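Worksheet: one structure, shown below.
A quick note: this is a predicted structure, and the numbers were derived from the prediction, not measured. In the text below, chain A, chain B and the rest are named by the order of the sequence lines, each starting its count at 1.
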2 protein chains.
Amino acid sequence: MYQDHLASFAVSSHTHAAPPHAIAPLRIGMLGLGTVGAGTYTVLQRNAEVIAARSGRRMELVMVAVRKLARAASIVGSTVALTDDPYAVVNHPDIDVVVEVMGGTTLARELVLRAIANGKHVVTANKALLAVHGSEIFAAAQAQGVVVAYEGAVAVSIPIIKALREGLSANRIAWVAGIINGTTNYILSEMKTKGASFADALADAQAKGYAEADPTFDVEGVDAAHKLTLLAANAFGVPPQFDQVHVEGITQLDAVDIAFAERLGYRVKLLGIAKRHLHGLELRVHPTLVAADHLLADVNGSMNAVMVKSDAAGLTMYYGAGAGSEQTASAVIADLVDLARVMDVAHQHRVPALAFQHSAIAALPVAPIADVETAWYLRLDVARAARTVPQVMAVLADAGVRVRLLEQFDHADDAELNALVLLTDPVQERVLRAAVAQLEALPHVMGFASTLRMERLA
Amino acid sequence: MYQDHLASFAVSSHTHAAPPHAIAPLRIGMLGLGTVGAGTYTVLQRNAEVIAARSGRRMELVMVAVRKLARAASIVGSTVALTDDPYAVVNHPDIDVVVEVMGGTTLARELVLRAIANGKHVVTANKALLAVHGSEIFAAAQAQGVVVAYEGAVAVSIPIIKALREGLSANRIAWVAGIINGTTNYILSEMKTKGASFADALADAQAKGYAEADPTFDVEGVDAAHKLTLLAANAFGVPPQFDQVHVEGITQLDAVDIAFAERLGYRVKLLGIAKRHLHGLELRVHPTLVAADHLLADVNGSMNAVMVKSDAAGLTMYYGAGAGSEQTASAVIADLVDLARVMDVAHQHRVPALAFQHSAIAALPVAPIADVETAWYLRLDVARAARTVPQVMAVLADAGVRVRLLEQFDHADDAELNALVLLTDPVQERVLRAAVAQLEALPHVMGFASTLRMERLA
């Protein structure tokens, strides 16, 4: 009934032979036509020919559900059927796959589960949905024998889910760590380059469109934690364990610490880090010092990069844009091309949703952050008194915190104070925190210490 | 008959549930047990459990063909059947897939074609074989409906073939460029860091095992050209066109140019570059100046990195070890895991060998190097005469070569000479070469000019 409205996806240049039209097209229904949806529509149209030449199958956008029909019509014209009822898409008898790019976790969850129950495959770029409701959704997909693909949910332009699930399938993965939120990386790059405060850098990022009006999910690290949840699941064969991620954002970050770190040869990045230990995992998102000559240090602006350490392949890294309309479309359509190949074969011939066979996925205990061992950057504002430094060093030594480097800087605002910066050897967080509490109680130490974790990632 | 010798791949830890043993194992025959073969054996054993938990299928190494049986037995013991007749492997009735890791292009070609004719799938890490005989081999595989997989042939630890073929399938790819030979990158890193000559850096690389006794294929750029051939084929839907690649190695590179480039903010890397134009391709391997703050500039030692520019995803980069026993095994086994999923389905459900449907692959004309436009680094050793620089600038201006930057350095060995270094705007190579010939004929210009191409790659 919607056949009249089909997009024809005509293209001008003809460098590749036509695909075999004997094979039925992949019939797509889309939920949402915002930034990602419009990008997906645009790329499906512009690159219809190369996509078909690769996949061997034509992509046919059957129907799009939107909230604002008029706005949507201004994008797709009359080439695609539009509806304001998303259930019309997920219940549509002539749709093979539902592309969920509407966002949110309530209605999106309902619609995705309905689509699955209707035997439809799902492609989504919704990291929050899968980080929170992934276990329920993947179990439903497994039971129905349908695919739920989500390359666009993590570091959009980079095929990192594919690299983890397929490219590194021979490996035991030791850790995954990366810059997986473009907004915070843009803000941190600005703070470093211009010495700006967090508030000023955020305002600049909002003005330039790199941060949303409500930036909470980005700057508090929640978005990165959603992505880290999915990376960890694919790396270690665990279900999404979002509620187990230790999350710290960048809102408390002081520009002075970024500047001192820089002078000591380090850069501050918001990293998502997932490590596998013998009996459990570390899952954490926090600002982190990395060496200035580390590859991650040169990932600037809104770019993303993910590093993977595995036992056979060693260290590999994947770099690209972490957001954007067509950048996300690239991932969504790659999932559609994969699906076009395997939609007609039995489930066991497909790549499992979370890298491991569904029956092999088992939760692992996640270490409390207090148990996690990292090196630390500490900054104390101290009085210029003769005994201050020996006292600080004594407290740390007695607590079992080894100091690797000590440097005093002039305090920016107060000529009576020094900024005492210390870099430590790796030490358990509970030990470090206890020592810092003692330091803050010393008579010559003013206010609270700045504490930032450091990672080598080699 | 070889069942007695099967490897059991027992592993100690049991973090994942056993795979479904109802599905028959993937039965593997291997040609060669050198560095890559031994690494593949080791990783298949050590990681049998995670590999099966991902693939849903056990990997069963049935037979290995080697030249030296005693040496091979010292590696695999009695766990695997050994033979010194490679035809015993490719003709074996109980082998599904032949892993070709013997190298060479003559016997390897025969054996691979025989395996395909016998209806067996092939996994190979042999870049030379596919760059030179790829069209024949892929056509035979297409006709037989079998898979020829080769992730290990390019930048071994990095799943770059998968990224190009599958991860970026929505995109028109504009160019692929990368550091795809670890030996030369190690040598260039040493020349830059230590100011060593090419000969000394090569000797050091040989002593440390980063270069072979006969390093010709590496240092002359042939190995990089093999890999570039396969990258271009997957990026653009063209057959392997190795004989069309313009190849320059690093043997003629002067340490003084590396030092001058560094002082001007550039680093010299051996790059493989494949660009798509409206009506054809550029395929070239040569030493190249890239900006010191470019991501490729920080790819040091024997590491590899490949950048891809595509219309939707934008710029993405993939980084990892470019050689090594287990690093290559990681790619070979990833191909085996992919195969384990799709060996029992029809050919159209699999990823095409060269990214595009076989029927859609068509050669594109490759531009002669004289037609290619790049920016240039020029060094002229010039007499300290008043009119030298104006003469040089006049020749270049008349030839249509625009100078972007000019700097004179003291000549290292001759107080009467200056090293005149020029960076140009992009200009066709034939124009540049004609101008350089004129420059070399000037009275105050001594000897031959150093010429190196520059790339922005953004």
Q: Could you walk me through whether A:D298 and B:D293 pass side chain to side chain contact (heavy atoms under 4.5 Å, CB included), step by step?
A: CA-CA 8 Å; A:D298 282 329; B:D293 63 358; over 6 Å; no
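- Using a 4.5 Å cut-off between heavy atoms, B:D338 contacts chain A through its side chain alone, with no backbone atom that close.
- Contacts with chain A were tallied for B:S325, B:S157, B:G320, B:A340; B:S157 has the most, counting heavy-atom pairs under 4.5 Å.
- Across A:G324, A:P159, A:G167, A:A312, the residue that shares the most heavy-atom pairs under 4.5 angstrom with chain B is A:A312.
- Looking at heavy atoms from C-beta onward, A:H349 lies out of side-chain contact with B:H349 at the 4.5 angstrom threshold.
- Ranked by heavy-atom pairs shorter than 4.5 Å toward chain A, the options B:G39, B:A163, B:S169 are led by B:S169.
- Residue B:E151: no heavy atom, backbone or side chain, is found under 4.5 Å from chain A.
- Interface summary for chain B: among A:I161, A:L295, A:V43, the most heavy-atom pairs under 4.5 angstrom belong to A:L295.
- Chosen from B:T42, B:I333, B:T316, the residue pairing most often with chain A at heavy-atom distances under 4.5 Å is B:T316.
- Of all the listed residues (B:A355, B:G314, B:A331), the one sharing the greatest number of non-hydrogen pairs under 4.5 Å with chain A is B:A355.
- Looking only at heavy-atom pairs under 4.5 Å with chain A, the residue among B:A313, B:A334, B:A321 that has the most is B:A313.
- The minimum heavy-atom distance linking B:R172 with A:R46 is given by the pair NH2-O, 3.4 Å.
- Counting non-hydrogen atoms of neighbouring residues, nucleotides and ligands closer than 6.0 angstrom, the OH atom of A:Y150 exceeds 12 such neighbours.
- Counting only distance, with no hydrogens or angles, the side chain of A:N47 and the backbone of B:A170 share a donor-acceptor pair below 3.5 Å.
- Interatomic distance, B:Q327 CD to A:S310 OG, rounded to the nearest 0.5 Å: 9.0 Å.
- Using a 4.5 Å cut-off between heavy atoms, B:S55 touches chain A through its backbone atoms (N, CA, C, O) alone.
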Q.
Please evaluate residues A:S330 and B:L168 with respect to the criterion side chain to side chain contact (heavy atoms under 4.5 Å, CB included), reporting the C-alpha separation (whole Å), side-chain torsions for both, the decisive distance (0.1 Å), and the verdict.
A. CA-CA 7 Å; A:S330 172; B:L168 298 173; 4.3 Å; yes
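- For the pair B:Q357 (side chain) and A:R54 (backbone), a donor-acceptor distance under 3.5 Å is present.
- With chain B as partner, the option from A:E326, A:Q348, A:R350 having the largest number of non-hydrogen pairs under 4.5 angstrom is A:E326.
- The contact between B:M303 and chain A is made entirely by side chain atoms (from C-beta outward), counting heavy-atom distances below 4.5 Å.
- Other residues, nucleotides and ligands contribute more than 12 heavy atoms inside 6.0 Å of the OH atom of B:Y186.
- Contact annotation for B:V351: both backbone and side-chain heavy atoms come within less than 4.5 Å of a heavy atom of chain A.
- Heavy-atom pairs under 4.5 Å with chain A were tallied for B:N171, B:L315, B:I51; the largest tally goes to B:N171.
- Looking at B:D311, both its backbone and its side chain come within 4.5 Å of chain A, counting heavy atoms on both sides.
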